[in-house]
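Below you'll find the structure, written out as structure tokens, and then a few comments.
As a basis for the values below, the full set of heavy atoms in this structure was taken, side chains included, without hydrogen atoms, waters or symmetry mates.
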Amino acid sequence: MAYGTRDGVAEIRLDRPQARNPISARPGGTRDQILAALADAEADPSVGAVLITGAGSAFSAGGDLAGNPIREHAADEARFRETADDFHRRVRRCPLPVVAAVRGYCLGAAVVLAASCDLVVAGDDARFGMPEGRLGLPGAAGLVPLIGRQWAKFLILTGELIDAGLAQRIGLVTAVVPATELHPRAHDLAARLARMPREATTLNKRAVDAAADASGDEAARVAASGYDVITLAMSGRAQAPDGRTFAEIRREQGVHGLKAARAAQFTTPWMPATPPDATM
């Protein structure tokens, strides 16, 4: 991960482009690095906003299947889920406004990270999805307060990717811009936020979050967490079309085997492409 400041904006960049910026949950991994960078930004009086982006052609292809340790027991799954929930809660509660700049793939854990930010600017080449649903894994419940139950179900039950235009229409994305202009446009938005009165920005952000939580957003996330733990614990029995479990395929063939097994389910999209409401 890379970190720097410019124009009052602290930029956090996922920086493993050769692997499409996977998000590692291990101690000292991507999530811990993001939290440390947020703490640095909050402690810097010259910083008024945070921009999270990805190096290369993708924001992030999601959780680090190769780098995260294999969880053997339900207790391991519960700790993993609790740690993930704590991470996303910490991003949401950052007192500074947090903008995500998304291009290319934004999958799985990366979708939840983007959804935890205050604003999301997407390049017109961005693709969002929860392909872990095809492997018998959870992940979309935390999106319900943002996009509603039907779209959360579509994403996790089909594992299909949606384009930036549809992501904007369902409320996952704030604005869509040409991919070639993504970084300067997203940085410009963050720099504008950084020029606002810092204390008022924090309080206004807190007020909106409090209203959303009072309407049930946080309760919905907590209620879903228990089901996610059970789904994680049962994921070792989830089967591919050839009858093997995905856990077995991962042990024997690694991530490439998982991708081949997923392709055996389907490869063509069901959802047609959707133009953005307005390219900003």
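The backbone N or O of Gly129 lies less than 3.5 Å from no partner atom in the side chain of Glu160, so there is not a single donor-acceptor pair. Side chain of Thr30 to backbone of Ile23: no donor-acceptor contact under 3.5 angstrom is found. Between the side chain of Asp32 and the backbone N or O of Gly28 there is at least one donor-acceptor pair closer than 3.5 Å. Using modelled atom types, one side-chain atom of Asp124 and one backbone atom of Ala179 make a donor-acceptor pair closer than 3.5 Å. A donor-acceptor pair under 3.5 Å is absent between the side-chain atoms of Thr267 and the main chain of Ala263, judged by distance alone.
We find that Arg93 and Asp209 are not joined by a salt bridge, their nearest charged nitrogen and carboxylate oxygen being 4.0 Å or further apart. One finds a salt bridge joining Asp64 and Arg16 here, because a Lys/Arg side-chain nitrogen approaches an Asp/Glu carboxylate oxygen to under 4.0 Å. The residues Glu218 and Arg89 are annotated as salt-bridged, a charged nitrogen and a carboxylate oxygen being separated by less than 4.0 angstrom.
Taking 4.5 Å as the limit, every side-chain heavy atom of Leu96 sits out of range of all side-chain heavy atoms of Leu38. The shortest distance between side-chain heavy atoms of Lys205 and Asp118 falls below 4.5 Å. Looking only at side-chain heavy atoms (C-beta outward), Leu172 and Phe128 come within less than 4.5 Å of each other. A 4.5 Å side-chain heavy-atom check between Arg6 and His187 finds at least one atom pair inside the cut-off. Tyr3 has its side chain out of reach of Gln33: every pair of non-hydrogen atoms, C-beta onward, lies at least 4.5 Å apart. Using a 4.5 Å heavy-atom cutoff, the side chains of Pro138 and Leu232 are in contact. For the pair Arg198 and Pro95, the minimum side-chain heavy-atom distance is 4.5 Å or more. Looking only at side-chain heavy atoms (C-beta outward), Tyr105 and Leu161 come within less than 4.5 Å of each other.
The stretch residues 39-52 participates, sequence neighbours left out, in these side chain to side chain donor-acceptor pair (under 3.5 Å) pairs: Glu42-Arg90, Asp44-Ser46.
The structure places CG of Leu135 at 9.0 Å from OG of Ser235, a figure rounded to the nearest 0.5 Å. Here Arg127 contributes atom CZ and Ile162 contributes atom CD1; the two are 10.0 Å apart, rounded to the nearest 0.5 Å. Residue Asp125 holds its CG atom at 9.0 Å from OG1 of Thr180, rounded to the nearest 0.5 Å. In this structure, CG on Leu113 lies 7.5 Å from SG on Cys106, to the nearest 0.5 angstrom.
Residue Ala109 comes nearest to Gly63 through the heavy atom pair CB-N, 3.8 Å, listed as atom of the first residue, atom of the second, then distance. Nearest heavy atoms, Leu258 versus Phe246: CD2-O, 3.4 Å. The minimum heavy-atom distance linking Ala115 with Leu146 is given by the pair CB-CD2, 3.7 Å. Of all heavy-atom pairs between Gly139 and Asp228, the closest is N-OD1, 4.5 Å. Listed here is the closest heavy atom pair of Ala41 and Val50: CB-CG2, 4.0 Å. Listed here is the closest heavy atom pair of Ala261 and Pro241: O-CD, 3.9 Å.
Among Arg262, Lys259, Gln239, Arg244, the single residue meeting the side chain to side chain contact (heavy atoms under 4.5 Å, CB included) criterion with Ile249 is Arg244.
Cation-pi geometry between Arg20 and Phe59 is not met: the NZ or CZ atom fails to fall both under 6.0 Å from the ring centre and inside 45° of the normal.
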